[in-house]
Q: 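Starting off with a structure, shown below.
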Amino acid sequence: MLLLSDPHFKRFRLTTLGQFSAVRRRLFSFFFLGALFSGVFYGIIHQENWFSLPRNSFNDWLLLIFLYPLLSVLPQELIFRTYFFHRYKRIMPRKNLRIVVSATVFALAHVVYANWVAVGLAFLGGLLFSFTYAQSRSTIVCVIEHSLWGLWMFTLGIGSSLDSGALS
């Protein structure tokens, strides 16, 4: 509501792909390489937990695929990227500073999971998603990227560190 009631907010950022062409190649190639590396690495160090959610709770995994982007990713991107970048542009005119502070605040929001894996991954993801928002200026593009990474982490088995235990 704060964004929609602000006459200075460019509402098209909520529904447009913005400068998707500027980030598309990096987004998908980085995801592909990161997914490949993380899949192999996690499979080596946690073989017993590798792909545990789709193997053990296939219906929960399918539900997660549909609900996670809408109920978790979209609100997070609205708060930590769209609102944050709009609200603090005057205080932090340098994009690089907003990227780092946004990632830090995003990571701190994950302290509630009481483990450093969630905080560390949230900081790295926050850097990536903030950088994407700064380049694309599109909430939808960030939702796509955040959803890809989040769903991959849950699918891979790291989700037990990233949720409250409901699907573990």
Side-chain angles (χ1 to χ4, degrees), residues 17-82 84-85 95-96 98-136 138-168:
L17 288 176
Q19 299 297 316
F20 182 60
S21 59
V23 299
R24 180 182 54 225
R25 186 172 182 186
R26 178 203 42 89
L27 189 152
F28 289 115
S29 60
F30 190 73
F31 175 74
F32 177 76
L33 292 172
L36 184 64
F37 174 77
S38 61
V40 170
F41 181 73
Y42 192 73
I44 291 169
I45 64 169
H46 282 287
Q47 190 172 13
E48 71 283 353
N49 206 30
W50 203 43
F51 292 98
S52 61
L53 184 60
R55 283 188 297 123
N56 300 329
S57 303
F58 188 76
N59 290 338
D60 287 344
W61 179 67
L62 287 178
L63 192 60
L64 181 77
I65 287 173
F66 292 105
L67 295 180
Y68 174 72
L70 292 173
L71 300 179
S72 183
V73 174
L74 181 60
Q76 289 178 50
E77 291 307 320
L78 284 170
I79 295 166
F80 295 106
R81 256 57 74 187
T82 308
F84 185 91
F85 272 69
K95 279 185 188 178
N96 290 341
R98 275 180 285 160
I99 288 169
V100 172
V101 174
S102 172
T104 303
V105 173
F106 183 64
L108 290 174
H110 288 75
V111 167
V112 298
Y113 298 118
N115 70 73
W116 290 104
V117 172
V119 175
L121 288 175
F123 180 73
L124 293 174
L127 285 173
L128 184 61
F129 310 146
S130 295
F131 182 72
T132 296
Y133 186 79
Q135 281 191 314
S136 71
S138 167
T139 304
I140 298 297
V141 172
C142 290
V143 167
I144 291 167
E145 184 174 41
H146 188 158
S147 296
L148 281 172
W149 280 105
L151 290 170
W152 173 246
M153 293 291 123
F154 281 106
T155 299
L156 194 54
I158 302 172
S160 59
S161 298
L162 302 174
D163 72 5
S164 60
L167 297 173
S168 300

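Keep in mind that what you see is a predicted model, and the values were worked out from it rather than measured. Hydrogens, waters and symmetry mates play no part in the numbers below; they use all other heavy atoms, side chains included.
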Q: Is there a side-chain contact between Val23 and Phe131 (heavy atoms, below 4.5 Å)?
A: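 Side-chain contact under 4.5 Å: no.
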Q: Could you go through Phe129 and Trp149, starting from their C-alpha distance and side-chain angles, then the distance that decides it, and tell me whether this counts as side-chain contact (heavy atoms from CB on, under 4.5 Å)?
A: CA-CA 10 Å; Phe129 310 146; Trp149 280 105; 4.0 Å; yes
Q: For Leu70 and Pro75, which heavy atoms make the closest approach, and how far apart are they?
A: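 For Leu70 and Pro75, the tightest heavy-atom pair comes out as O-CD, 3.4 Å.
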Q: Grab the two heavy atoms, one from Val100 and one from Phe123, that are nearest each other, plus how far apart they are.
A: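 Answer, listing the atom of Val100 first, then Phe123: O-CE1, 4.3 Å.
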Q: Taking the side chain from Ser138 and the backbone from Val141, do they hold a donor-acceptor pair closer than 3.5 Å?
A: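 Here the side-chain-to-backbone pair exists.
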Q: Hey, could you give me the CG/CG distance between Leu67 and Leu62, rounded to the nearest 0.5 Å?
A: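 Spacing of CG (Leu67) from CG (Leu62) equals 11.0 Å.
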Q: Give a yes or no on whether Phe30 atom CZ has more than 12 heavy-atom contacts from other residues, nucleotides or ligands under 6.0 Å away.
A: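 No, CZ of Phe30 has 12 or fewer neighbouring heavy atoms, counting only those of other groups under 6.0 Å.
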Q: Assess whether salt bridge (charged side-chain N to carboxylate O under 4.0 Å, His left out) is satisfied between Arg26 and Glu145, documenting all intermediate values.
A: CA-CA 11 Å; Arg26 178 203 42 89; Glu145 184 174 41; 3.5 Å; yes
Q: Please tell me if the side chains of Phe85 and Ile99 come closer than 4.5 Å, counting only heavy atoms from C-beta onward.
A: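 They are in side-chain contact.
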Q: Just how far is it from atom OG1 of Thr82 to atom CD1 of Ile140, taken to the nearest 0.5 Å?
A: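 Output value for this atom pair is 8.5 Å.
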Q: Enumerate donor-acceptor pairs with a distance under 3.5 Å from any side-chain N or O in residues 35-47 to protein atoms, sequence neighbours excluded.
A:
| unit_1 | atom_1 | unit_2 | atom_2 | d |
| --- | --- | --- | --- | --- |
| Ser38 | OG | Gly34 | O | 2.7 |
| Ser38 | OG | Ala35 | O | 3.3 |
| Ser38 | OG | Trp152 | NE1 | 2.9 |
| Tyr42 | OH | Asn49 | ND2 | 2.9 |
| Tyr42 | OH | Gly157 | O | 3.3 |
| His46 | ND1 | Glu48 | OE2 | 3.4 |

Q: Begin from the C-alpha positions of Phe80 and Ser130 and carry the test side-chain contact (heavy atoms from CB on, under 4.5 Å) through to its verdict.
A: CA-CA 8 Å; Phe80 295 106; Ser130 295; over 6 Å; no
Q: Where does the angle between the aromatic ring planes of Phe20 and Phe28 fall among parallel (under 30°), tilted (30 to 60°) and perpendicular (over 60°)?
A: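 Phe20 and Phe28: perpendicular rings.
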Q: Answer yes or no: is there a donor N or O on one side and an acceptor on the other, between the side chain of Asp60 and the main chain of Phe58, under 3.5 Å?
A: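 Side chain of Asp60 to backbone of Phe58, a donor-acceptor pair under 3.5 Å: no, none is there.
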Q: Which heavy atom in Ile65 sits nearest to a heavy atom in Leu151, and how many Å separate them?
A: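 Answer, listing the atom of Ile65 first, then Leu151: CA-CD2, 3.8 Å.
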Q: About how many Å separate CZ of Arg55 and CG of Leu53, when rounded to the nearest 0.5 Å?
A: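 So the gap between those two atoms works out to 10.0 Å.
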Q: Do you know the tightest heavy-atom contact between Thr155 and Pro54?
A: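 Scanning both residues, the minimum pair turns out to be O-CD, 3.5 Å.
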Q: Closest approach of Phe106 and Ala122, non-hydrogen atoms and distance?
A: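 Nearest pair, atom of Phe106 first, then Ala122: CD2-O, 3.1 Å.
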Q: Can any side-chain N or O of Thr132 pair as donor or acceptor with the backbone N or O of Leu128 at less than 3.5 Å?
A: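 Yes, the answer is positive, given that a donor and an acceptor are paired below the 3.5 Å cut-off.
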Q: Give a yes or no on whether Phe32 atom CZ has more than 12 heavy-atom contacts from other residues, nucleotides or ligands under 6.0 Å away.
A: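 It does not: Phe32 CZ has 12 such atoms or fewer within range.
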Q: To check you understand the geometry: which heavy-atom pair defines the closest contact between Ala134 and Lys95, and what is its length?
A: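 Ala134 and Lys95 have their closest heavy atoms at O-NZ, 3.3 Å.
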Q: Does the side chain of Arg98 come within less than 4.5 Å of Arg81's, by heavy atoms?
A: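 Heavy-atom side-chain distance check fails, nothing below 4.5 Å.
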Q: Does Ser72 offer a backbone N or O that forms a donor-acceptor pair with the side chain of Gln76 under 3.5 Å?
A: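 It does hold such a pair.
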Q: Would Trp61 and Asn56 count as a side-chain contact (heavy atoms from CB on, under 4.5 Å) if you check the C-alpha gap in whole Å, the side-chain angles of each, and the deciding distance to 0.1 Å?
A: CA-CA 9 Å; Trp61 179 67; Asn56 300 329; over 6 Å; no
